[in-house]
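Heads up: the structure comes next, in structure tokens.
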Amino acid sequence: MTRKQHSRIFWTATIVLCLLHVDFFNHGVGSVLLFGWLPFDLAYHIVWMVFAAILVFYFTHSVWRSADEH
């Protein structure tokens, strides 16, 4: 994959992550429990943090390294 493609993927994922951070659709969900014990709001934020960690790993492993190699 070229550096330009890595950069495009990174910035697209970053914008999506920023939009999901606003959490505009999660208001008023109430006390919905997933698996009978996990509040939906907490599950959403856990998934968001996992996605953010994957994005950081992708950036440091692919995008940043590609910049140093060229």
Side-chain angles (χ1 to χ4, degrees):
M1 216 182 275
T2 67
R3 179 163 157 49
K4 187 174 183 177
Q5 290 171 326
H6 280 298
S7 181
R8 186 174 294 140
I9 291 169
F10 170 75
W11 284 112
T12 302
T14 301
I15 290 168
V16 168
L17 193 63
C18 287
L19 290 174
L20 291 176
H21 187 277
V22 176
D23 196 17
F24 58 88
F25 60 88
N26 198 17
H27 298 285
V29 173
S31 59
V32 176
L33 296 177
L34 302 174
F35 310 113
W37 59 272
L38 182 63
F40 179 79
D41 189 40
L42 179 60
Y44 174 81
H45 286 94
I46 289 171
V47 170
W48 188 92
M49 288 187 296
V50 168
F51 183 65
I54 290 169
L55 181 62
V56 169
F57 177 76
Y58 174 73
F59 176 72
T60 57
H61 183 71
S62 298
V63 180
W64 199 359
R65 191 170 81 185
S66 294
D68 291 341
E69 291 175 354
H70 289 36

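- Under a hydrophobic clustering in which Ile, Leu, Val, Met, Phe, Trp and Tyr are joined whenever their side-chain heavy atoms come within less than 4.5 Å, directly or via other members, Val22 and Trp11 fall into the same cluster.
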Give every donor-acceptor pair under 3.5 Å between a side-chain atom in residues 32-40 and any protein atom, sequence neighbours left out.
none

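- Note: Ile54 CD1 to Leu17 CG = 10.5 Å, rounded to the nearest 0.5 Å.
- Residue Tyr44 is grouped with residue Met49 when hydrophobic side chains (ILVMFWY) are merged at heavy-atom distances under 4.5 angstrom, including chains of intermediate members.
- Follow the hydrophobic side-chain contacts under 4.5 Å out from Val47 and you never reach Leu55; the two are in separate clusters.
- In this structure, the separation between OH on Tyr58 and NE2 on His6 is 4.5 Å, given to the nearest 0.5 Å.
- The line from NE2 of His21 to OG1 of Thr14 is 13.0 Å long, rounded to the nearest 0.5 Å.
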